[in-house]
Amino acid sequence: MPQRSKVSSAKPFAQLFQAVNLTHEGLVDRVPTTKRDMYYKDVQLFGAQSTVDRLVDDLAATFKLTRSDLNVRASSKGLICGAGLTIHLHSGEAVELSSSESSLIPHSEDIERFETSGDLAWVLVVEKEAVFQTLCRLRLGSHGSLPGEGLVITGKGYPDVATRQLVQTLSANLPSSIPILALVDGDAYGIDILSVYKYGSTRMQHEKEHLAAARMQWLGLWSSELAAIGIQRDALIPITKQDEKKARSLLKREGIPAQWRKELQHMLFTRRKAEIEVLGAARSADCAADLGVNRHIHSGEEGNSGIPLLRYLVTKISSACMKAGREDP
């Protein structure tokens, strides 16, 4: 027993020293590495990818550095589509966005500058990749019913650093007349993902200045609005014990916005959660009328105008743009 305890207590130190060694090696060689690369260089020692993730974040926080200062990058997974933005890279290449096809979001270290067009009017961050791909196919970024061109971004669930840095950069540098909006599930995990974008993650608070998009607004989905657009309680998914635990944990956080608190309490009261896909159960006419949409909105793609998800977003994005325009000094 004593021998087993000794080996067990030594392993965390060995993991730490190896993480420091691999980081130092990358800095000396001036070769960027990813946390995934570090893990595969000593799978037996680290045991899990999460071990490397934690060690790199702890090293950066201890020395008050960003991960880019350590020459360590997270693997990019975020996607972007839309119109009104060109991303210029240090390599001399330019990422020209398309409303119908997605592009991988580059690492911030590779980006030299952004170029926006005068028609850019809104930015929408979407929780789920499947919903994001649907919006690409519908060409939401250049849809004729919206007040201007827009960007659609997804981090595929909990976002990676590159996606968060892009959203933060847009939030900090675009004029306040261009709203930064989020479409997430109307449940505790959707709200937690929204919180990571807006306030930063607990694990990376030392990089909050570069990762938190303070201007982000929760566009939807709100479980409290579903009855008004023709979605009945029976169409919703019952919450699990994990959902309830996450919701109660979020309610204990200081400074949580009143709207978020209201939706979490509504979820706990009804014992139901609303995923974005439930909009498919909405009746198009009710979705338009009860959200206050102008029934005479013209559509650049008439065949898509009756899709509930599209109607929902056209209505709410248009409303957010109008409100932002009024509040812009």
Side-chain angles (χ1 to χ4, degrees), residues 50 53 57 74-81 102 104-105 122-135 151-171 179-205 207-208 210-226 236-237 239-240 242-268 272-279 309 312-313 316-317 320:
S50 58
D53 297 345
D57 290 339
S75 298
S76 233
K77 67 169 184 170
L79 301 173
I80 183 171
C81 72
S102 61
L104 188 67
I105 294 173
W122 52 271
V123 176
L124 177 68
V125 178
V126 181
E127 174 186 346
K128 295 178 172 178
E129 183 185 6
V131 176
F132 168 86
Q133 296 293 355
T134 296
L135 298 179
L151 304 173
V152 185
I153 298 169
T154 184
K156 300 181 183 179
Y158 282 95
D160 59 302
V161 171
T163 303
R164 291 165 61 188
Q165 287 176 323
L166 173 63
V167 175
Q168 188 278 333
T169 298
L170 295 172
S171 171
I180 312 295
L181 309 168
L183 176 68
V184 299
D185 284 342
D187 64 13
Y189 287 94
I191 293 175
D192 193 35
I193 289 171
L194 173 65
S195 176
V196 170
Y197 277 111
K198 186 174 178 67
Y199 300 115
S201 62
T202 303
R203 197 175 66 187
M204 297 184 66
Q205 281 298 300
E207 294 191 49
K208 179 179 177 179
H210 307 289
L211 296 175
R215 285 210 295 123
M216 177 168 279
Q217 306 169 44
W218 186 15
L219 185 79
L221 187 66
W222 303 343
S223 58
S224 63
E225 69 185 346
L226 297 181
L236 306 181
I237 301 173
I239 65 172
T240 64
Q242 290 78 11
D243 292 324
E244 181 174 358
K245 182 179 179 180
K246 172 63 76 171
R248 295 193 183 282
S249 173
L250 289 170
L251 286 169
K252 291 178 182 178
R253 290 187 187 177
E254 294 184 6
I256 184 170
Q259 176 69 29
W260 301 15
R261 185 175 296 278
K262 173 187 172 185
E263 293 301 319
L264 287 167
Q265 291 170 337
H266 185 272
M267 184 192 78
L268 291 172
R272 292 291 189 275
K273 59 182 179 180
E275 297 190 348
I276 299 168
E277 292 83 353
V278 79
L279 285 171
L309 173 62
Y312 178 88
L313 289 175
K316 300 203 79 172
I317 292 173

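Heavy-atom basis, side chains included; hydrogens, waters and symmetry copies ignored. Each residue takes its place number in the sequence, starting with 1.
Separating the CZ atom in Arg164 from the CG atom in Leu211 is a distance of 4.5 Å, to the nearest 0.5 Å. Considering CG of Leu250 and CG of Leu264, their distance stands at 5.5 Å, rounded to 0.5 Å. With rounding to the nearest 0.5 Å, the separation of CG in Leu151 from CG in Leu181 is 11.0 Å. Atom CG of residue Leu219 and atom CD1 of residue Ile180 lie 12.0 Å apart, to the nearest 0.5 angstrom. Note that CG of Leu183 is 7.5 Å distant from CG of Leu279, once rounded to the nearest 0.5 Å. Rounded to the nearest 0.5 angstrom, Lys128 NZ and Asp185 CG are separated by 3.5 Å.
With no hydrogens or angles considered, a side-chain donor-acceptor pair links Asp243 and Thr240 at under 3.5 Å.
The two residues Ala212 and Gln168 have their closest heavy-atom pair at O-CG, 3.2 Å. Contact record, Tyr189 with Gln242: OH-O, 3.6 Å, taken as the closest heavy-atom pair. The two atoms that bring Met267 and Ala247 nearest to each other are CE-CB, 3.4 Å, heavy atoms only. Of all the heavy atoms in Thr154 and Val126, the pair that sits closest is OG1-O, 2.9 Å. In terms of heavy atoms, Tyr312 sits closest to Gly220 at OH-CA, 3.4 Å. Nearest heavy-atom pair, Ala213 versus Val167, reported as atom, atom and distance to 0.1 Å: CB-CG1, 3.7 Å.
Taking 4.5 Å as the limit, every side-chain heavy atom of Ile105 sits out of range of all side-chain heavy atoms of Gln165. Using a 4.5 Å cut-off on side-chain heavy atoms (C-beta onward), Ser195 and Arg253 make contact. Counting heavy atoms from C-beta outward, Ile153 and Leu79 have side chains that stay 4.5 Å or more apart. Counting heavy atoms from C-beta on, the side chains of Tyr199 and Leu194 never come closer than 4.5 Å. Val125 has its side chain out of reach of Val184: every pair of non-hydrogen atoms, C-beta onward, lies at least 4.5 Å apart. Taking the side chain as every heavy atom from C-beta outward, Leu268 and Arg248 approach each other to under 4.5 Å.
The residue from Glu275, Lys273, Arg272 that alone fulfils the side-chain contact (heavy atoms from CB on, under 4.5 Å) condition with Leu236 is Arg272. Checked options Arg261, Gln259, His266, Gln265; the residue passing with Glu263 is Gln259 (criterion: side-chain hydrogen bond (donor to acceptor under 3.5 Å, both in side chains)).
At least one test fails for Lys198 against the ring of Trp260: distance under 6.0 Å to the centre or angle within 45° of the axis.
A salt bridge is absent between Asp187 and Lys246: the closest approach of a Lys/Arg side-chain nitrogen to an acidic carboxylate oxygen does not fall below 4.0 angstrom.
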Please report the C-alpha distance between Ile80 and Phe132 in whole Å, then the side-chain angles of each, then the deciding distance to 0.1 Å, and finally whether the side chain to side chain contact (heavy atoms under 4.5 Å, CB included) criterion is met. CA-CA 9 Å; Ile80 183 171; Phe132 168 86; 5.6 Å; no
Test log, rule side chain to side chain contact (heavy atoms under 4.5 Å, CB included), inputs Tyr197 and Ser171: CA-CA 10 Å; Tyr197 277 111; Ser171 171; over 6 Å; no
